[in-house]
> 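Supplied in structure tokens, the structure appears directly below.
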Amino acid sequence: MSKGAHQALYDRIGVGYAALRRPDARLAARIDAALGECRSVLNVGAGAGSYEPADRLVVAVEPSAEMIRQRPGGAAPVVQASANELPFRDRSFDAALAILTVHHWPRRDRGLAEMRRVARERVVIFTWDPAHAGFWLLREYFPEVLELDRPAFPSLREIEMTIGPAIVHPVPVPADCSDGFLGAYWQRPALYLDRHVRDAISVFSKFDSSAGLARLRRDLRDGTWLARHAALHGLRELDVGYRLIVAHCEAR
């Protein structure tokens, strides 16, 4: 996806995005902990500003005018720019942060290299691992998501080749997660039938989901889904493939 196409995508599908993509406090705490003692943070691909820590000096970078428009009053200052060409000097920030955005970048390798360039201490990436293919939504209803997203999401090896050694932390998703990303509704399947919910999940704009939706609607109506996944209702959280990757920048 080119820089212009990425910007156009979120200018189109980003309308109303902030209403359904509300930061979850438990995920925010994990991201904040991953930033450690870093005081200044560049949030790359910042969108509407989810998970930007309030007690640090944060500068945001976002290419989409629609997403910038939805940033709340008092949010961190934002620069309209691409991850591929960050308009900052080398080692300008203690940390570079990217939250569920790397898979949208037109040149992922270049964007990762840019994050490393501007960070003094660490790079923190919240992402999804398509190799974790056990999520029922994808296995049973939307296998197209795996086909589309496997090439888009960076592997740990790719990140380490660009940034340096990294630690991977699994991030289980709470059953009542308030942030409506792809895996948020693992215990609330009927919500995937809501067009507004799907509109806030970018991958649904990339393929015809009608067949999978029809199967899910049928399985919810006749009890097939509940019979197959009854064990999920006893869980408070579930690992559906989300990961926090923390790379410490070596002295350069």
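Computed from a prediction, not measured in an experiment: that's the story for all the values here.
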> In Å and rounded to the nearest 0.5 Å, what is the NE2 to OG1 distance from His103 to Thr101?
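OG1 of Thr101 is found 7.0 Å from NE2 of His103.
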
> Look at Lys206 together with Glu144 and state whether they make a salt bridge at an N to O cut-off of under 4.0 Å.
no

> Answer yes or no: is there a donor N or O on one side and an acceptor on the other, between the side chain of Glu114 and the main chain of Ala83, under 3.5 Å?
no

> Taking the side chain from Glu62 and the backbone from Gly47, do they hold a donor-acceptor pair closer than 3.5 Å?
yes

> I'd like to know if the side chain of Arg116 and the backbone of Ile163 have a donor-acceptor N/O pair within less than 3.5 Å.
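Such a contact is found between Arg116 side chain and Ile163 backbone.
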
> Keeping Tyr51 on the side-chain end and Asp24 on the backbone end, is there a donor-acceptor pair under 3.5 Å?
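Yes; at least one donor-acceptor contact below 3.5 Å.
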
> Measure from the side-chain N and O atoms of Gln80 to the backbone N and O of Pro63, and report whether any donor-acceptor pair falls under 3.5 Å.
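Yes.
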
> Any donor-acceptor pair under 3.5 Å linking the side chain of Arg120 with the backbone of Ser92?
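Yes, because the side chain of Arg120 sits within donor-acceptor range (under 3.5 Å) of the backbone of Ser92.
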
> Passes salt bridge (charged side-chain N to carboxylate O under 4.0 Å, His left out), Arg217 versus Asp222? Steps please.
CA-CA 9 Å; Arg217 187 176 293 109; Asp222 67 15; over 6 Å; no

> In terms of hydrophobic clustering (I, L, V, M, F, W, Y; side-chain heavy atoms under 4.5 Å; direct or indirect links), are Val79 and Leu57 co-clustered?
no

> For the residue pair Pro130 and Asp149, what are the closest heavy atoms and their distance?
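Closest approach of Pro130 to Asp149: CG-O, 3.8 Å.
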
> Which distance, rounded to the nearest 0.5 Å, do you find between the SG of Cys177 and the CZ of Arg26?
6.5 Å

> Quick one: sort the Tyr192 and Tyr185 rings into parallel, tilted or perpendicular, breaks at 30° and 60°.
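Ring orientation of Tyr192 relative to Tyr185: perpendicular.
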
> Could you list all the salt bridge (Lys or Arg N to Asp or Glu O under 4.0 Å) pairs where at least one residue sits in residues 30-50, not counting sequence neighbours?
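Qualifying pairs: Asp32-Arg56.
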
> Would you please say whether a donor-acceptor pair under 3.5 Å links the side chains of Tyr141 and Asp219?
yes

> List the steps, then state whether side chain to side chain contact (heavy atoms under 4.5 Å, CB included) holds for Val124 with Leu244.
CA-CA 7 Å; Val124 176; Leu244 260 175; 3.7 Å; yes

> Does the side chain to side chain contact (heavy atoms under 4.5 Å, CB included) test come out yes or no for Val173 and Leu238, once each step is laid out?
CA-CA 5 Å; Val173 177; Leu238 184 69; 5.8 Å; no

> Evaluate the side-chain proximity of Thr162 to Met115: yes if any heavy-atom separation is below 4.5 Å, no if none is.
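They are not in contact (no side-chain heavy atoms under 4.5 Å apart), so the answer is no.
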
> Would you name the heavy atoms of Val102 and Pro154 that are closest together and state the gap between them?
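In this case the closest contact between Val102 and Pro154 is CG1-CG, 3.7 Å.
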
> If we only count heavy atoms from C-beta on, is the Arg198 to Leu213 side-chain gap below 4.5 Å?
yes

> Grab the two heavy atoms, one from Gly36 and one from Arg122, that are nearest each other, plus how far apart they are.
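Looking at all heavy atoms of both residues, the shortest contact is N-NH1, 3.6 Å.
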
> Any heavy-atom pair between the side chains of Phe142 and Leu137 that's under 4.5 Å?
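Result yes, sub-4.5 Å side-chain heavy-atom pair found.
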
> Could you give the distance from CZ (Arg117) to CZ (Phe88), rounded to the nearest 0.5 Å?
9.5 Å

> I'd like to know if Leu235 and Leu191 are part of one continuous hydrophobic network [Ile/Leu/Val/Met/Phe/Trp/Tyr, side-chain heavy atoms within less than 4.5 Å].
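Yes, Leu191 and Leu235 fall within the same hydrophobic cluster.
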
> Using modelled atom types only, decide if a donor and an acceptor are shared between the side chain of Asp94 and the backbone of Ser40 within a distance under 3.5 Å.
yes

> Is Asn84 reaching over with its side chain to a backbone N or O of Arg110, donor-acceptor style, under 3.5 angstrom?
no

> Which atom pair, heavy atoms only, marks the closest approach of Pro23 to Ser178?
O-OG, 3.0 Å

> Ignoring hydrogens and angles, tell me if any N or O in the side chain of Trp136 forms a donor-acceptor pair with the backbone of Trp186 under 3.5 Å.
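Here the side-chain-to-backbone pair exists.
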
> First locate atom CD1 of Ile245, then atom CD of Glu160, and finally report the distance between them rounded to the nearest 0.5 Å.
8.5 Å

> Quick check on the hydrophobic clustering: are Trp128 and Phe204 connected, directly or via other members, by side-chain heavy-atom contacts under 4.5 Å?
yes

> Mind checking the CG-CG spacing from Leu182 to Leu138? Nearest 0.5 Å is all I need.
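So the gap between those two atoms works out to 5.5 Å.
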
> Could you go step by step and tell me if Val246 and His169 meet the side chain to side chain contact (heavy atoms under 4.5 Å, CB included) rule?
CA-CA 8 Å; Val246 182; His169 303 276; 4.0 Å; yes

> Is Leu86 reachable from Ile68 through a run of I, L, V, M, F, W or Y residues, each pair having side-chain heavy atoms under 4.5 Å apart?
no

> If a pair satisfies side-chain hydrogen bond (donor to acceptor under 3.5 Å, both in side chains) and one of its residues is in residues 234-243, list it, with sequence neighbours excluded.
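Sorted pair list: Asp239-Arg243.
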
> Tell me, with the steps shown, if Arg228 and Glu140 meet salt bridge (charged side-chain N to carboxylate O under 4.0 Å, His left out).
CA-CA 11 Å; Arg228 190 181 294 148; Glu140 299 167 20; 2.9 Å; yes

> State whether the side chain of Arg71 and the backbone N or O of Pro77 hold a donor-acceptor pair below 3.5 Å, judged by distance alone.
no

> Got a second to check how far Ser64's OG is from Arg69's CZ, nearest 0.5 Å?
9.5 Å

> Flag the pair Leu97 / Val44 as yes when at least one side-chain heavy-atom distance between them is below 4.5 Å, and no otherwise.
no

> Would you say Phe207 ends up clustered with Leu216 if hydrophobic residues are merged whenever their side chains have heavy atoms under 4.5 Å apart, either directly or through other cluster members?
yes

> What's the shortest heavy-atom distance between Pro72 and Ala48, and which atoms?
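For Pro72 and Ala48, the tightest heavy-atom pair comes out as CD-O, 3.4 Å.
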
> Please list all pairs meeting salt bridge (Lys or Arg N to Asp or Glu O under 4.0 Å) that have one or both residues in residues 185-195, counting only residues at least two apart or in different chains.
Arg195-Asp199

> Within the 4.5 Å heavy-atom criterion, are Leu27 and Pro174 side-chain neighbours or not?
yes

> With a 4.5 Å heavy-atom cut-off, do Leu193 and Leu220 have their side chains touching?
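Counting from C-beta outward, Leu193 and Leu220 do come under 4.5 Å.
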
> Provide the closest heavy-atom pair for Thr127 versus Phe153 in the form atom of the first, atom of the second, distance.
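Between these two residues, the closest heavy atoms are OG1-CD2, 3.2 Å.
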
> Contact between Phe181 and Ile201 at the side-chain level, heavy atoms closer than 4.5 Å - yes or no?
no

> Using the rule given for side chain to side chain contact (heavy atoms under 4.5 Å, CB included), can you reason through Val171 versus Phe126, listing the C-alpha separation, both sets of side-chain angles and the distance that settles it, and then say yes or no?
CA-CA 9 Å; Val171 181; Phe126 182 40; 4.0 Å; yes

